[in-house]
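By convention in this document, chain letters (A, B, ...) are assigned in the order of the sequence lines, proteins followed by strands, and residues within each chain are numbered from 1.
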2 protein chains.
Amino acid sequence: MVTIGDVAQAAGVSRSTASYALSGKRTISAEVRQRVNDAVRRLGYTPNAGARALATSQTMVIGLLAQFLEDEFAPAMLQYMLGVSDTARELDYDILLVTEADGARALSRITDSRMVDGIVLLNVAQDDLRLPILRAAPQPGALIGLPGDCTGLDVFDLDFEEAGRMMIEHMYALGHRELILVSQPEHVVERGGAYVWRLQDAALQQAERREIRLHAVFGESRQPAIGQTLHALLDAHPAATGLLLNNEAAAAALPSVLHTRGLAVPHDLSVIGRYSDEFARTFSLPYSSIESAPDRLGRMAVRQLVRRIESTEQGEEPYVVRFISPELIDRGSTGAPGPAS
Amino acid sequence: MVTIGDVAQAAGVSRSTASYALSGKRTISAEVRQRVNDAVRRLGYTPNAGARALATSQTMVIGLLAQFLEDEFAPAMLQYMLGVSDTARELDYDILLVTEADGARALSRITDSRMVDGIVLLNVAQDDLRLPILRAAPQPGALIGLPGDCTGLDVFDLDFEEAGRMMIEHMYALGHRELILVSQPEHVVERGGAYVWRLQDAALQQAERREIRLHAVFGESRQPAIGQTLHALLDAHPAATGLLLNNEAAAAALPSVLHTRGLAVPHDLSVIGRYSDEFARTFSLPYSSIESAPDRLGRMAVRQLVRRIESTEQGEEPYVVRFISPELIDRGSTGAPGPAS
DNA sequence: CTGAAAGCGCTTACAG
DNA sequence: CTGAAAGCGCTTACAG
């Protein structure tokens, strides 16, 4: 392989001069710089990443920890991953993707061995076992998802409480007084998926304040189970005039459920979901929804992470916990309460 | 950070002895091995990946190049990625995920800089610009997807020709004589997505052999366009008694289309798709389908790649082009031709 | 069975 | 403005 020594030799300079000419970290005469650049091009030189990492203690790689759990909706995860990956590349970082079931172990492995300069954690749980490891690691970490304890980490998430309130307020303003909220599976809650109860609790509170009857249930993450659940719910609550969905699989299943029941949106039933616009487009979901903005969250997390990586780790800037304000994308699926189903 | 020097010192041996004790590459007295292991545990030592890579020319990282194109169905890509990632970890490799639009450039970057020991390419096109770069790279490469020229690379793919014939034969045996085949968007073809025409051409040939009328069209990859296309096709070919889908988005859209038209499967229409069982489960697609086996393909590609990485690169074993035989998973969506729609 | 030394390919003080 | 040298943390011939 061609090394910087070869480049130096070809350019007739020392290795250090060649290195400085390439990094621009000290002033180099235009002529020498030219000779070095020519040699680089002629020889096809690219610095060896391992050697550079060893010398600089910087790998220019970010670790991305994602878990694909049976009871979560995989296509939604992908959006976050792509947001992280795209932003990382813009900032000149590569992505080490880790999908192991044992996330804590995997995290130790890649931080201890210095494979990465920083970490982005997905599927963050309330009491996430990976957090103590991440806090103890020499690399900074950014989370997408709010854990119980944010100490020592930068955290980014959708404001699920506000999302829950917003769903209720929107329906309330239109005149709805009885609603159904379908959340993710209870397994997700048991595993510490705080976003489930953050939205649900806030929605329940707001409903109480507005004297709305809100039937809140956990739904499955798979077809056909979730479709059957939706049917059962509509059967059980014939007076409900609106449906709130914090569950991607439910949203994907709904068109066929409504079709079967001969219900039109928003005439017979108003619907608000919570998912990304990309998701809505892929499945052509015609429901107004709270944008979950996975790309924006990925971008924010990586930007902050890189800032922290590159800030000369001296005066530790305070850690941030940043919530994205939910936005309701209107797709025309809500209106005045129709005939109860 | 704790280095092997610290371990050696704590164990009262030389660095080389510590290294050998850990690698097991030469015989070490039980007692010394014990002391070294204790020191490792006590100090919490993990080898520095960059240093090891520099010394051994092995990174234990595999590059995974995936492209998320507007006109391909992203959730399907994810399955391949997870198959690759899981198998890599089993074999002790990590995954560098590269999703850049400019795949050729990205490939040069990670191979030239020796960030990876090998490469897995996804979304392989007939005349893929990344292939010449990969062939010239010092690392071996494995493809998931068949290009026009397989020279110097290991290639894994579903046997799409056989899949096309199998679809036709299955329908023929049941008595069908007029069918519709919906493939991926024409853009995919123009970009060199050979699997599209491999299946389609084989199906057309086989149909001719069997004197079946086969209406073959390209369909969109998004809703609602693909749904409308399906409606238009069923309108245009009222005598067709079966539908063949080499298009994930079409499969996802079909339930609602059939519902609208009041068609029952297989009574009114027989259907065969081509997608993964995982995909079928996520969307509860009730159609018999040719399993695309993304996990199996990912596994095969990584296994072969690692074998090649670790074979002491001497006597170059011959490169392989391996096709998975299609399997039709029966979900009961085919039967004798019903009343033409 | 073990140690001292060289080397992997970079970067960056230290000198001039 | 440039060079000689040290060092990052490993592994692995070379010697004993």
Is a side-chain N or O of A:Asp117 found less than 3.5 angstrom from the main chain of A:Thr59, in a donor-acceptor match?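 Yes; judged by distance alone, with no hydrogens or angles, the pair exists.
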With a 3.5 Å distance limit and no angle check, can you tell me whether B:Gln139 reaches the backbone of B:Val116 through a side-chain donor-acceptor pair?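 Such a contact is found between B:Gln139 side chain and B:Val116 backbone.
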Which residue pairs pass the salt bridge (Lys or Arg N to Asp or Glu O under 4.0 Å) test with at least one member in residues 13-27 of chain B, sequence neighbours excluded?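 Of all non-adjacent pairs touching residues 13-27 of chain B, none passes salt bridge (Lys or Arg N to Asp or Glu O under 4.0 Å).
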Which residue pairs satisfy the salt bridge (Lys or Arg N to Asp or Glu O under 4.0 Å) criterion with at least one member in residues 40-54 of chain A, sequence neighbours excluded?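 For residues 40-54 of chain A, and leaving out neighbouring residues, the salt bridge (Lys or Arg N to Asp or Glu O under 4.0 Å) pairs sorted by first residue read A:Asp38-A:Arg41.
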Under 3.5 Å, side-chain donor or acceptor atoms of residues 121-129 of chain B against the rest of the protein: list the pairs with distances, not counting sequence neighbours.
unit_1   : atom_1 : unit_2   : atom_2 : d
B:Asn123 : OD1    : B:Gln67  : N      : 2.9
B:Asn123 : ND2    : B:Gln67  : O      : 2.9
B:Asn123 : ND2    : B:Glu72  : OE1    : 3.3
B:Asp128 : OD1    : B:Arg130 : N      : 2.9
B:Asp128 : OD1    : B:Arg130 : NE     : 2.9
B:Asp128 : OD2    : B:Ala125 : N      : 2.9
B:Asp128 : OD2    : B:Arg130 : NH2    : 3.0

Holding to ring pair (Phe, Tyr, Trp, His ring centres under 6.0 Å), I want the full list of residues that pass it with A:Tyr80, two or more places apart in sequence or in another chain.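 Ring pair (Phe, Tyr, Trp, His ring centres under 6.0 Å) list for A:Tyr80, sorted by chain: empty.
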Who passes side chain to side chain donor-acceptor pair (under 3.5 Å) against [X], sequence neighbours left out?
| X | value |
| --- | --- |
| B:Asp94 | A:Arg109 |
| B:Glu90 | B:Arg299 |
| B:Asp149 | B:Thr151 |
| A:Asp295 | none |

Mind checking side chain to side chain contact (heavy atoms under 4.5 Å, CB included) for A:Met300 and listing every partner two or more places apart, or none if nothing turns up?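 In terms of side chain to side chain contact (heavy atoms under 4.5 Å, CB included), with neighbours along the sequence ignored, A:Met300 is linked to A:Phe156, A:Arg322, A:Ile324.
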Please work out which residues in residues 32-42 of chain B have a non-hydrogen atom less than 4.0 Å from an atom of DNA chain C and list them by number.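 By residue number: B:Val32.
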If I take atom [atom1] in residue [X] and atom [atom2] in nucleotide [N], what distance separates them, rounded to the nearest angstrom?
| X | N | atom1 | atom2 | value |
| --- | --- | --- | --- | --- |
| A:Arg52 | C:dT12 | CZ | C1' | 13 Å |
| A:Leu22 | C:dC10 | CG | P | 10 Å |
| A:Ile4 | C:dT12 | CD1 | P | 11 Å |
| A:Ile28 | C:dT12 | CD1 | P | 13 Å |
| B:Lys25 | C:dT2 | NZ | P | 18 Å |

I want to check one thing: is the phosphate of C:dC1, taken as OP1 and OP2, less than 4.0 Å away from some side-chain N or O of B:Thr27?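 The answer is yes; a side-chain N or O of B:Thr27 sits under 4.0 Å from OP1 or OP2.
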Contact string for nucleotides 3-8 of chain C, one letter per nucleotide 5' to 3', B = base within protein heavy-atom range under 4.0 Å, S = sugar-phosphate only, - = neither, reads BB-BBB
Which one, C:dC1, D:dC10, C:dC10, comes nearest to the side chain of B:Asn48?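 It is D:dC10.
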So what does A:Ser19 hit on the nucleic acid, given a heavy-atom distance under 4.0 Å: a base, only sugar-phosphate, or nothing?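 The answer is base, as A:Ser19 lies within the cut-off (heavy atoms under 4.0 Å) of a base atom.
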With pairs taken as Watson-Crick or G-U wobble and both distances under 3.5 angstrom, which stems of at least three consecutive pairs involve DNA chain D?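 Stem segments, range with range: C:1-3 with D:14-16, C:5-12 with D:5-12, C:14-16 with D:1-3.
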